[in-house]
2 protein chains.
Amino acid sequence: MTKRILIADDHAFVSWGVAKALSALEDIEVIKSVANGIEAIIEIRKTKPDCAILDYNMPGANGLEVFLESKRWSPDTRFVLLTGSATTQTVNALVDAGIHGVALKDGTETEIIEIVRQVCAGKTAIGPSARLLMRLPAETVAVTDRELAVLQAIARGHTNASAAESLGISPKTVDSHRTSLMRKFDVSTSASLLLAAVKAGLLDPASIR
Amino acid sequence: MTKRILIADDHAFVSWGVAKALSALEDIEVIKSVANGIEAIIEIRKTKPDCAILDYNMPGANGLEVFLESKRWSPDTRFVLLTGSATTQTVNALVDAGIHGVALKDGTETEIIEIVRQVCAGKTAIGPSARLLMRLPAETVAVTDRELAVLQAIARGHTNASAAESLGISPKTVDSHRTSLMRKFDVSTSASLLLAAVKAGLLDPASIR
DNA sequence: CGGCAATTCAGGTGATCGCCTGATGGGCCG
DNA sequence: CGGCCCATCAGGCGATCACCTGAATTGCCG
């Protein structure tokens with residue numbers, strides 16, 4: 001029985017290469033390639049493929065969002081994350097959300113093919129390189145909602161006082177959260193706190209402002 | 001006459017996909033694929049290909065470093081940058097350095113093929129998407145050597161005083177440079193200064209510490 | 001129900017920052 | 001040679017930060 005596969009990746013080379021690789025297999029047919037998250041959700045809902053290969057970084061919606069939304073509309077579709085820049089947090093979030101397979105783009109082409117096959121066969125498959133990421137000293141800093149809000153306010157250039165105003169709370173509360181964050185990240189200045197947050201994947205420099 | 005091409009990319013899918021695409025052409029032969037910068041330099045020096053396709057982000061040495069080093073040993077080789085995450089600064093640096101072609105990975109496969117063909121033919125080719133990047137409001141903030149040193153010190157968590165000590169200058173001098181930087185970046189806190197520097201490509205969060 | 005964590009806020013203190021003016025010397029360029 | 005920029009440093013001042021203790025409220029989980 002031929003498996004119908006959808007590929008969602010905004011990098012033409014990757015989707016093209018993967019499509020070529022998978023098309024060479026007899027029991028697999030690539031029915032669609034899309035280049036952004038929104039389109040991926042729409043197409044998965046419409047075509048209900050047996051398997052969807054998702055990039056994480058896509059315009060419109062990221063891999064996690066596509067996965068969560070799409071599986072509501074196409075519960076029988078199995079999902080493989082194929083990402084180039086995966087952090088421990090990203091992989092963990094995807095696995096926690098129940099994704100069926102994870103592969104990194106720096107793996108070999110046989111690696112992803114094998115993962116897709118296994119996932120299509122109903123198994124769960126985490127690629128060796130992705131598994132390595134998960135084993136890493138989790139370095140997971142638990143940040144609460146309000147702490148994150150304060151973090152983003154500081155990133156926008158706010159002082160304690162102006163951040164307080166924009167969040168509608170007392171400057172002292174902002175101070176509390178900021179101090180708490182600095183303790184968690186083991187830094188002693190707001191400046192290096194931001195850098196640490198960027199490194200931890202909590203802040204995206206490009207998306208501020 | 002068949003062109004001998006080398007591909008350097010640490011993403012297996014990309015190098016594999018590009019190799020497949022180029023191999024389909026009659027007058028092109030992919031003689032080698034490498035996955036890191038050091039290996040790229042060695043192989044280019046050894047094989048002296050007609051054309052080398054370089055990723056920017058690679059372990060060992062980045063695309064710019066590979067280009068600068070390799071052209072000394074193989075002056076007749078023509079170089080194409082193929083990158084997924086290009087900033088205005090990156091592209092400009094490469095073009096300034098005299099690279100022959102620039103293509104982004106989010107382009108179509110025909111785009112890169114066309115660029116490689118043109119570069120092999122002796123022309124200079126900048127892909128449409130890369131050209132778009134260069135047209136962007138250059139947003140180039142000129143930073144002096146000492147300012148950059150101060151910036152990195154702050155990024156490492158130093159205060160004015162401790163940064164001064166590590167640089168062997170007066171705290172007041174550090175203060176001057178930091179103030180000057182904040183003026184240039186149009187921010188009013190050290191924290192958002194760091195974020196702005198990251199956005200501008202002057203700091204790499206991953207490489208601090 | 002009782003502990004626990006998150007969130008909120010207060011008061012206080014010393015260190016540091018952000019920014020100002022102003023000065024000195026070196027290097028480059030027309 | 002006279003600007004001009006860079007790097008160096010000084011003094012000073014008000015705002016802000018970094019960090020402390022302590023405390024009230026809420027909601028969740030066992």
Side-chain angles (χ1 to χ4, degrees), chain A residues 89 92-93 96 138-200 202-203 208-209, chain B residues 89 96 138-200 202-203 208-209:
Chain A
Q89 285 82 13
N92 283 335
D96 288 349
E139 189 69 61
T140 309
V141 178
V143 174
T144 67
D145 290 348
R146 295 307 270 172
E147 283 171 350
L148 183 60
V150 169
L151 197 55
Q152 291 167 336
I154 295 172
R156 269 185 236 104
H158 282 296
T159 65
N160 282 352
S162 66
E165 197 179 352
S166 86
L167 292 173
I169 56 181
S170 154
K172 276 299 186 180
T173 306
V174 174
D175 185 80
S176 283
H177 291 313
R178 188 185 38 72
T179 300
S180 167
L181 281 165
M182 291 199 296
R183 214 189 295 279
K184 285 179 179 177
F185 280 96
D186 192 29
V187 295
S188 60
T189 65
S190 290
S192 43
L193 171 63
L194 284 196
L195 223 51
V198 170
K199 273 200 279 190
L202 289 175
L203 279 181
I208 300 292
R209 278 289 162 75
Chain B
Q89 285 80 18
D96 289 348
E139 189 70 66
T140 309
V141 179
V143 174
T144 67
D145 290 348
R146 296 304 274 171
E147 283 172 350
L148 183 60
V150 169
L151 196 57
Q152 291 168 337
I154 295 172
R156 272 185 232 105
H158 283 295
T159 64
N160 281 353
S162 66
E165 197 179 352
S166 85
L167 292 174
I169 55 181
S170 155
K172 276 300 185 179
T173 306
V174 174
D175 185 79
S176 284
H177 290 313
R178 188 185 37 70
T179 300
S180 167
L181 281 166
M182 292 197 298
R183 213 189 295 276
K184 285 180 180 176
F185 280 97
D186 192 28
V187 295
S188 61
T189 65
S190 289
S192 42
L193 171 62
L194 285 196
L195 223 52
V198 170
K199 272 198 279 190
L202 289 175
L203 280 181
I208 300 294
R209 280 284 163 81

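Every value quoted in this text rests on a predicted model; they were computed, and no experiment measured them. Hydrogens, waters and symmetry mates play no part in the numbers below; they use all other heavy atoms, side chains included. The chains referred to below are lettered A, B, ... by the order of the sequence lines, with proteins before strands, and numbering in each begins at 1.
- Atom-to-atom, CG of B:Leu193 to C1' of D:dC17 comes out at 17 Å; the value is rounded to the nearest Å.
- Summary of the strand contacts: B:Lys172 and B:Thr189 both lie near DNA chain D, and taking for each the nucleotide with the nearest heavy atom, the more 5' one is attributed to B:Lys172.
- The separation between A:Glu165 atom CD and C:dT8 atom C1' is 18 Å, rounded to whole Å.
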* Just do the side-chain contact (heavy atoms from CB on, under 4.5 Å) check on B:Ile154 and A:Thr189 with the steps written out, would you? => CA-CA 9 Å; B:Ile154 295 172; A:Thr189 65; over 6 Å; no
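- Taking atom CD on B:Glu147 and atom P on D:dC5, their separation rounds to 13 Å, with Å as the unit.
- In terms of phosphate contacts, A:Asn160 brings no side-chain nitrogen or oxygen within less than 4.0 Å of OP1 or OP2 of D:dT16.
- B:Arg178 has its CZ atom 16 Å from the C1' atom of D:dA7, to the nearest Å.
- In this structure, B:Thr173 reaches the bases: a heavy-atom distance under 4.0 Å links it to at least one base atom across the strands shown.
- Whole-Å rounding puts the A:Leu148 CG to C:dA6 C1' distance at 14 Å.
- Note that OG1 of A:Thr173 and CZ of A:Arg146 are 9.0 Å apart. Values are rounded to the nearest 0.5 Å.
- Between the CG atom of B:Leu181 and the C1' atom of C:dC17 there is a distance of 15 Å, given to the nearest Å.
- Proximity of B:Thr144 to the phosphate of D:dA7: a side-chain N or O atom is located under 4.0 Å from OP1 or OP2.
- Remark: A:Arg183 is in phosphate contact with D:dC20, judged by side-chain N or O atoms under 4.0 Å from OP1 or OP2.
- Among the atoms of the strands shown, only primed sugar atoms or phosphate atoms (P, OP1, OP2) are found under 4.0 Å from some heavy atom of B:Asp145.
- In terms of polar N and O atoms assigned as donor or acceptor, the side chain of B:Asp175 comes within less than 3.5 Å of the base of C:dC19 in a complementary pairing.
- Within the nucleic acid shown, A:Thr159 comes within 4.0 Å of sugar-phosphate atoms alone, with no base atom in reach, counting heavy atoms only.
- A residue-by-residue look at B:Lys184 and B:Ser170 shows that B:Lys184 has its nearest nucleotide of DNA chain D further toward the 5' end.
- Here the P atom of nucleotide D:dA18 and the CG atom of A:Leu194 are 10 Å apart, to the nearest Å.
- Contact annotation: A:Arg146 reaches the phosphate of C:dT8 (side-chain N/O to OP1 or OP2, under 4.0 Å).
- Under 4.0 Å is where a charged nitrogen must lie from a carboxylate oxygen, and between B:Asp175 and B:Arg178 at least one such pair does.
- Applying the 4.0 Å criterion to OP1 and OP2 of D:dT8, one finds that B:His177 has a side-chain N or O inside that range.
- Going from atom NE2 of A:His158 over to atom C1' of D:dA15 covers 17 Å, rounded to whole Å.
- Residue B:Ser176 is in base contact, counting any heavy-atom pair closer than 4.0 Å across all strands shown.
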* Asked: Can you check side-chain contact (heavy atoms from CB on, under 4.5 Å) on B:Thr159 and B:Val174, steps first, answer last?
  -> CA-CA 9 Å; B:Thr159 64; B:Val174 174; over 6 Å; no
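- Here the straight-line distance linking atom OG of A:Ser188 with atom CZ of A:Arg183 works out to 12.5 Å at 0.5 Å rounding.
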